[in-house]
There are 2 protein chains.
Amino acid sequence: MFSKACEYGIKAMIYIAQKSDEDGKVSLKEIAEKTDSPVAFTAKILQALSREGLLISTKGPTGGFVLAKSPSNMNLAQIVSAIDGDKVFVGCGLGLETCDNERPCPVHHKFAIVRDELTLMLNLTTLQELALGLKNGDSFLTR
Amino acid sequence: MFSKACEYGIKAMIYIAQKSDEDGKVSLKEIAEKTDSPVAFTAKILQALSREGLLISTKGPTGGFVLAKSPSNMNLAQIVSAIDGDKVFVGCGLGLETCDNERPCPVHHKFAIVRDELTLMLNLTTLQELALGLKNGDSFLTR
DNA sequence: TGTATTTAGGATAAAATTGTCCTTATTTAA
DNA sequence: TTAAATAAGGACAATTTTATCCTAAATACA
């Protein structure tokens, strides 16, 4: 469904959201540990998320990452499209370049319904609520 | 969403379904052409689908592939799981090994809803209806 | 029987994704 | 001012996925 990079990215963002409303910045090392992700690879992803304007990074001791916006204003769709692009939102289920209502692939109509639901869900799900569930112990980032 | 292999496999199955209720067997060469797929790679996928019991293959001149069952009894879920396994049906959206109602990842509940809809759609969509749309010119396998 | 045609399958290659390593730049604080 | 800590980013490596090539096996038909 999502790439590994995207999975790591989402987990990182949720962890940062949950952690940084307590303290300030969160370090790469801590993020990678708590999300059970490879450190160096996670670094690349956080870099990308910073470039895309979803994170703010600071170097040096006490440096780290913080959300660029309030977690209530950040949703999963923004994260996914920052990392995986918009393929998941608009791409054809059978990989055709041209696939729309004018010239649909055989599964287009049925696929579009599900895909649009996924898009809706990703757009409606905020980092705030995900971080809250995590903080409450209702959900987990590892295992 | 689906792997390339799976996309090719689905397109091939739809083409075979549409073509073989007219004639009998359909050759690899024809399938690859009409689905705009690489021949040798498609061969591997058709091999796998044959091993999985979804296709019957015949060697020699006039040989080729036919559906193992009536297209009304074959659905997309069977094809997807033959090629990509059941990851798409049961896998965690964030890649956790353990992720269920007992110990959910942060997106589990919302993700499961969409994933279950996808599963339902794949189970309910038969090769018969897809092949019919294609034959009627309402849908396409290329471009 | 022999030849052409077609799928099976092993070996290999290319490309994309995932992952690591190392150096540089920046910042903090002693 | 220096040392330590941290992210940035380039180079490279490993793995997975996608794709190709070649030979073998099976089959139809002359």
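Heavy atoms only: backbone and side chains are in, while hydrogens, waters and symmetry mates are out. Chain identifiers are assigned alphabetically (A, B, ...) following the order of the sequence lines, protein sequences preceding nucleic acid strands; residue numbering begins at 1 within each chain.
Residue A:Glu30 contributes atom CD, which lies 15 Å from atom C1' of D:dA5 at whole-angstrom precision. The interatomic distance linking B:Lys25 (NZ) with D:dA26 (P) rounds to 16 Å, in whole Å. If you measure from atom CD of A:Glu7 to atom P of C:dT17, you get 14 Å, rounded to the nearest angstrom. Nucleotide C:dA8 holds its P atom 10 Å from the CD1 atom of B:Ile31, rounded to whole Å. D:dT27 atom C1' lies 17 Å from atom CD1 of B:Ile56, rounded to whole Å. Here the P atom of nucleotide D:dT16 and the CZ atom of B:Phe41 are 16 Å apart, to the nearest Å. One interatomic measurement links the two molecules: CD1 of B:Ile45 to P of D:dT17, which rounds to 13 Å at whole-angstrom precision.
Nearest heavy atom pair, residue B:Thr35 against residue B:Thr142, reads C-CG2, 4.2 Å.
Within 4.0 Å (heavy atoms only), B:Lys29 reaches no atom of the nucleic acid at all.
Out of C:dA8, D:dT20, D:dG10, the shortest distance to the side chain of A:Lys44 is found at D:dG10. For B:Thr62, the listed nucleotide lying nearest its side chain is D:dA28; candidates were C:dT20, D:dA7, D:dA28. Between C:dG19, D:dA8, C:dA11, one nucleotide has an atom nearer to the side chain of A:Pro38 than all others, and that is C:dG19. Looking at the side chain of A:Lys4, the nearest of the listed nucleotides D:dA19, C:dG19, D:dT6 is C:dG19. For A:Arg51, taking side-chain heavy atoms from C-beta onward, the closest of the listed nucleotides D:dC21, D:dT18, D:dG9 is D:dG9. Distances from the side chain of A:Lys59 to the nucleotides C:dT28, C:dT18, D:dT6 place D:dT6 closest. Comparing C:dA8, D:dA28, D:dT20 by their nearest atom to the side chain of B:Pro61 picks out D:dA28. The nucleotide whose nearest atom lies closest to any side-chain atom of A:Leu28 is, among C:dT7, D:dA7, D:dA8, D:dA7. For B:Gln47, counting side-chain heavy atoms from C-beta on, the closest listed nucleotide (D:dA7, C:dT20, C:dA8) is C:dA8. Distances were taken from every side-chain heavy atom of B:Ala40 (C-beta onward) to each of D:dA19, D:dT20, C:dT20; the shortest belongs to D:dT20.
A donor atom on one side chain and an acceptor atom on the other are found under 3.5 Å apart for A:Ser3 and A:Asp84.
Between A:Ile14 and A:Leu130, the closest side-chain pair of non-hydrogen atoms falls below 4.5 Å.
Look at B:Tyr8 and you'll find a side-chain N or O under 4.0 angstrom from OP1 or OP2 of D:dA19.
In this structure, the side chain of B:Arg143 does not engage the main chain of A:Thr98 through any donor-acceptor pair within 3.5 Å.
Along DNA chain C, the nucleotide nearest B:Phe65 and the nucleotide nearest A:Ala5 are compared for position; the residue whose nucleotide lies closer to the 5' end is B:Phe65. Mapping B:Ser50 and A:Gly63 onto DNA chain C by nearest heavy atom places B:Ser50 closer to the 5' end of the strand.
Here B:Glu97 does not pair with B:Arg103 in a salt bridge; the nearest charged N to carboxylate O distance is not below 4.0 Å. Ion pairing between B:Glu30 and B:Lys25 fails under the 4.0 Å rule for side-chain N and carboxylate O.
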